[in-house]
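Heads up: the structure comes next, in structure tokens.
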Amino acid sequence: MTWDWQVFLNDDGSGRTYLQWMLDAWGWTLSVAGCSWVVAVSVGALMGTLRTLPNSPWLARLANVWVELFRNVPLLVQIFLWYFVIPKIFPVMQQVPGFVLVVFALGFFTSARIAEQFRAGIQALPRGQRYAGMAVGFTTMQTYRYVILPMAFRIILPPLTSESMNLLKNSSVAFAVSIAELTMFALQAQEETSRGIEVYLAVTGLYALSAFAVNRVFAFIEKKAQIPGFIVAGGTGGGH
């Protein structure tokens, strides 16, 4: 077996090299993952919070429906629903770019999992945190905004790290609806060059590098945002 890494310097037929094509595809992968992460965390935090609101059972039920719906349908099926079915039902959606539809599908799918993490993080906090907010005159919403959610976010950083890395890898399903990300590049470049080993090793390296970067960023945030003396055990938290 011989290696031919110079294949990436060859012209792909459109005036750019395969290396340039791969870097462009990497940019699309990061864009899909980054935008989907924003959607997933925003919606996931909202749904996770609604599931813990006191005296609002109907909001909790609504959030439960959201979580069960999006986490029990395979991601690829959701991608196809957003790309092929929803625009047929709602014609106005036909004007929405495919990139945005994929971001919605991947973001909502991941939001269901992040909602569970936020719910668990909120419920892991001592009840005294909620009572302390009420004691200083905060409303329920203010208590969540200034007391509960900031602490819950810090608690769930380790599982959120793993979920963010999974989201980056799950972005590969975007190739199914012709988003020109890394997986699509690998499939097409392998067919055109017949150098599958080099192409797939390079793409694998970029996925691994991206996931490692996400891991390191979250590790840094976790270190800086950790709650001194807080222990999630037996319903007590030291230092607060």
Side-chain angles (χ1 to χ4, degrees), residues 29-87 89-90 93 96-125 140-141 144-145 148-177 179 181 183 207 210-211 214-215 217-218 221-222 225 232:
T29 290
L30 297 179
S31 298
V32 169
C35 294
S36 299
W37 187 89
V38 173
V39 172
V41 172
S42 302
V43 178
L46 174 62
M47 294 302 168
T49 300
L50 291 179
R51 299 182 76 189
T52 65
L53 284 178
N55 306 319
S56 299
W58 67 274
L59 286 176
R61 285 194 290 269
L62 177 64
N64 285 335
V65 170
W66 178 278
V67 170
E68 295 303 323
L69 174 64
F70 283 98
R71 76 174 181 177
N72 289 318
V73 178
L75 175 57
L76 191 57
V77 173
Q78 294 189 37
I79 293 285
F80 287 148
L81 284 173
W82 276 94
Y83 197 80
F84 296 110
V85 178
I86 291 180
I89 299 175
F90 304 101
M93 295 292 290
V96 178
F99 173 85
V100 176
L101 296 176
V102 169
V103 166
F104 282 154
L106 185 55
F108 290 162
F109 173 82
T110 309
S111 73
R113 303 169 63 90
I114 292 179
E116 281 288 270
Q117 295 169 4
F118 267 96
R119 178 192 61 80
I122 292 171
Q123 293 179 341
L125 291 171
T140 298
M141 292 296 101
Y144 270 86
R145 178 180 177 183
I148 296 176
L149 286 179
M151 294 184 66
F153 179 78
R154 296 175 181 183
I155 291 173
I156 70 167
L157 274 174
L160 185 59
T161 300
S162 297
E163 199 58 52
S164 299
M165 295 170 67
N166 286 335
L167 189 153
L168 175 66
K169 292 179 286 186
N170 286 340
S171 68
S172 62
V173 301
F175 88 93
V177 290
I179 302 299
E181 45 73 64
T183 300
Y207 273 119
S210 303
V214 169
N215 179 279
V217 168
F218 273 90
I221 296 174
E222 183 180 352
V232 183

Of all heavy-atom pairs between Leu106 and Thr110, which one has the smallest distance, and what is that distance? O-OG1, 2.8 Å

Distance, nearest 0.5 Å, that separates CG of Leu75 from OG of Ser171: 10.0 Å

Rounded to the nearest 0.5 angstrom, the CG-CG distance for Leu81 and Leu101 is 11.5 Å

With rounding to the nearest 0.5 Å, note down the distance linking CG in Leu50 to CZ in Arg119. 13.5 Å

Arg154 side chain vs Ala225 backbone, donor-acceptor pair below 3.5 Å: yes

Hey, are the side chains of Phe109 and Ile79 touching, using non-hydrogen atoms and a 4.5 Å cut-off? no

A side-chain contact here means heavy atoms from C-beta on lying under 4.5 Å apart; do Trp66 and Leu62 qualify? no

CD on Gln117 to OG on Ser111, rounded to 0.5 Å: 11.0 Å

Take Phe118 and Ile114 through the test side chain to side chain contact (heavy atoms under 4.5 Å, CB included) and record every step on the way to the result. CA-CA 6 Å; Phe118 267 96; Ile114 292 179; 3.6 Å; yes

Give, for atom CH2 of Trp37 and atom OG of Ser42, the distance between the pair rounded to the nearest 0.5 Å. 8.0 Å

Which pair of non-hydrogen atoms, one from Met47 and one from Ala115, has the smallest distance, and what is that distance? CB-CB, 3.9 Å

Exam field: side chain Asn64 to backbone Ala60, donor-acceptor pair closer than 3.5 Å: yes

Identify the two heavy atoms, one from Glu222 and one from Leu157, that lie closest to each other, and give their separation to 0.1 Å. CA-CD1, 3.6 Å

Shortest non-hydrogen separation from Leu167 to Ala40 and the atoms involved: CD1-CB, 4.2 Å

Using a 4.5 Å cut-off on heavy atoms from C-beta on, say whether the side chain of Thr29 contacts that of Leu168. yes

Please report the C-alpha distance between Leu125 and Ile155 in whole Å, then the side-chain angles of each, then the deciding distance to 0.1 Å, and finally whether the side chain to side chain contact (heavy atoms under 4.5 Å, CB included) criterion is met. CA-CA 9 Å; Leu125 291 171; Ile155 291 173; 3.5 Å; yes

Closest non-hydrogen contact found for Leu53 with Met141 is CD2-CE, 3.6 Å

Output, in order, the C-alpha distance, side-chain angles, deciding distance and verdict of side chain to side chain contact (heavy atoms under 4.5 Å, CB included) for Thr52 and Tyr144. CA-CA 10 Å; Thr52 65; Tyr144 270 86; 3.0 Å; yes

Could you tell me whether the side chain of Leu160 reaches within less than 4.5 Å of the side chain of Ser164, counting heavy atoms only? yes

Across all chains, not counting sequence neighbours, the side chain to side chain contact (heavy atoms under 4.5 Å, CB included) partners of Ser172 are Glu181, Thr183, Tyr207

Plane angle bin for Phe104 and Trp82 - parallel if under 30°, tilted between 30 and 60°, otherwise perpendicular: tilted

Leu149 side chain reached by Ile122 side chain, heavy atoms, under 4.5 Å: yes

